[in-house]
Trainee: 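Got a structure for you, written out below as structure tokens; questions coming shortly.
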Amino acid sequence: NDRKAAGDLMLNTNFRLLKKWSRVADFIFQLGYRMPSGTDYGTARYSDGPGYHFAINMGKPLNKTKTLKMTAMAGFLVWQIQSDIFRQDDAFLFGAGLEYRKKNFSLHTNIAGYLGYLEKQGDKPIVFRTFAEQQLKKMKLVLGFQQGLNDFEYSSFDAGLRFNFR
């Protein structure tokens with residue numbers, strides 16, 4: 001059926017590190033696992049293989065009011081592939097960006113990707129992302145844009161609402 005597909009189930013957890021350094025920078029260790037639960041493999045929409053990642057995320061305020069923050073991420077990504085030569089692929093994860101937050105508005109921009117070892121197979125995707133959020137009582141208005149820079153030939157625009165259930 002070309003009209004329906006189930007996505008992969010992903011579980012992530014974050015652990016705060018070096019709490020005593022939080023005045024200088026925040027550090028988060030992220031651990032994630034992708035379960036092979038997707039469908040529609042024939043069109044390469046999802047994968048039939050598990051994967052996991054771990055990364056260190058950092059955020060450092062750049063001004064006294066903490067409205068501007070530099071962000072960075074580095075980690076390792078591993079996933080199973082269907083190949084006669086390799087059973088899995090793994091890659092160095094990276095990202096860096098800026099965040100601006102003031103009252104109920106935030107603007108995020110970053111460059112992120114991974115660098116795998118499979119040559120000439122699209123194994124080094126890098127993207128530029130920017131998105132804005134405006135808090136409106138119990139919901140957020142979200143607008144975003146993503147542009148592939150390397151091994152990712154797509155551009156996308158996002159618009160939506162996020163509801164807060166507190």
Side-chain angles (χ1 to χ4, degrees), residues 1-14 28-60 68-101 104-136 139-164:
N1 186 351
D2 293 337
R3 296 184 182 183
K4 294 182 183 177
D8 292 332
L9 178 62
M10 300 179 80
L11 299 174
N12 293 301
T13 189
N14 295 323
I28 303 288
F29 175 76
Q30 184 179 64
L31 181 63
Y33 183 76
R34 182 184 74 204
M35 296 178 199
S37 56
T39 61
D40 197 15
Y41 309 127
T43 57
R45 180 77 175 121
Y46 299 104
S47 68
D48 190 21
Y52 65 89
H53 76 273
F54 53 88
I56 299 288
N57 297 276
M58 184 272 299
K60 178 176 178 31
L68 187 61
K69 184 192 317 185
M70 176 184 66
T71 61
M73 179 267 293
F76 191 66
L77 171 66
V78 177
W79 65 103
Q80 188 175 17
I81 61 174
Q82 295 179 359
S83 167
D84 293 335
I85 300 169
F86 301 106
R87 302 290 295 160
Q88 75 178 36
D89 195 0
D90 39 59
F92 170 69
L93 282 173
F94 67 92
L98 292 172
E99 291 182 8
Y100 173 79
R101 293 178 185 270
N104 295 327
F105 176 77
S106 66
L107 179 65
H108 309 256
T109 185
N110 67 57
I111 292 178
Y114 63 82
L115 302 174
Y117 62 85
L118 299 178
E119 294 298 323
K120 299 180 183 173
Q121 295 185 37
D123 204 25
K124 294 172 178 44
I126 300 170
V127 297
F128 166 79
R129 294 184 192 109
T130 188
F131 68 94
E133 296 180 327
Q134 176 68 49
Q135 184 72 44
L136 307 168
M139 70 177 102
K140 282 185 182 178
L141 174 64
V142 182
L143 296 171
F145 172 70
Q146 176 175 281
Q147 174 65 53
L149 301 176
N150 188 64
D151 281 348
F152 193 84
E153 301 175 3
Y154 308 100
S155 300
S156 63
F157 291 94
D158 298 310
L161 292 173
R162 286 192 188 139
F163 294 92
N164 298 325

Trainee: List the atom of Met73, the atom of Asn57, and the distance in Å for their closest heavy-atom pair.
Mentor: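 Smallest heavy-atom distance, with atoms named: CG-OD1, 3.1 Å.
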Trainee: Which heavy atom of Gly32 sits nearest to which heavy atom of Asn12, and what is that distance?
Mentor: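 Taking every non-hydrogen atom into account, CA-OD1, 3.1 Å.
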Trainee: If you take all heavy atoms of Lys69 and Gly59, which pair is closest and at what distance?
Mentor: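 What the structure gives for the nearest pair is CD-CA, 3.7 Å.
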Trainee: Which distance, rounded to the nearest 0.5 Å, do you find between the OH of Tyr100 and the OG of Ser106?
Mentor: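 The distance works out to 10.5 Å.
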Trainee: If I take atom OG1 from residue Thr13 and atom CZ from residue Phe54, how far apart are they, to the nearest 0.5 angstrom?
Mentor: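 Answer for the OG1-CZ pair, Thr13 versus Phe54, is 15.5 Å.
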Trainee: Table please: side-chain donor-acceptor pairs of residues 89-97 below 3.5 Å, with sequence neighbours left out.
Mentor:
unit_1: Asp90; atom_1: OD2; unit_2: Gln88; atom_2: NE2; d: 3.2

Trainee: Which atom pair, heavy atoms only, marks the closest approach of Gly51 to Tyr33?
Mentor: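 Residues Gly51 and Tyr33, closest heavy atoms: O-CD1, 3.3 Å.
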Trainee: Look up atom CE in Met35 and atom CE in Met10, then write down how far apart they are to the nearest 0.5 Å.
Mentor: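 CE of Met10 is found 10.5 Å from CE of Met35.
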Trainee: Just verifying a value: how many Å separate Gln134 CD and Leu161 CG, rounded to the nearest 0.5 Å?
Mentor: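 Spacing of CD (Gln134) from CG (Leu161) equals 12.0 Å.
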Trainee: Between Lys124 (side chain) and Gly116 (backbone), is there a donor-acceptor pair under 3.5 Å?
Mentor: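 Confirmed, Lys124 side chain pairs with Gly116 backbone.
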Trainee: Measuring from atom CG of Leu107 to atom CZ of Phe131, what distance do you get when rounded to the nearest 0.5 angstrom?
Mentor: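 Answer for the CG-CZ pair, Leu107 versus Phe131, is 8.5 Å.
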Trainee: Over 60° means perpendicular and under 30° means parallel, so classify the ring planes of Trp79 and Tyr114, tilted if in between.
Mentor: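 Answer is perpendicular, since the angle exceeds 60°.
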Trainee: Stepwise, does the side chain to side chain contact (heavy atoms under 4.5 Å, CB included) test hold for Ile111 with Val127?
Mentor: CA-CA 6 Å; Ile111 292 178; Val127 297; over 6 Å; no
Trainee: To the nearest 0.5 angstrom, please state how far the OG1 atom of Thr71 sits from the NZ atom of Lys60.
Mentor: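 It is 13.0 Å, given to the nearest 0.5 Å.
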Trainee: Taking His108's backbone N and O only, do any of them form a donor-acceptor pair with Thr130's side chain (distance below 3.5 Å, no angle check)?
Mentor: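 Checked: pair present.
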Trainee: So do Gln30 and His53 actually touch side chain to side chain, heavy atoms under 4.5 Å?
Mentor: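 Yes - at least one pair of side-chain heavy atoms lies under 4.5 Å apart.
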Trainee: Pair Asn164, Gln135 - check side chain to side chain contact (heavy atoms under 4.5 Å, CB included), show working.
Mentor: CA-CA 10 Å; Asn164 298 325; Gln135 184 72 44; 3.1 Å; yes
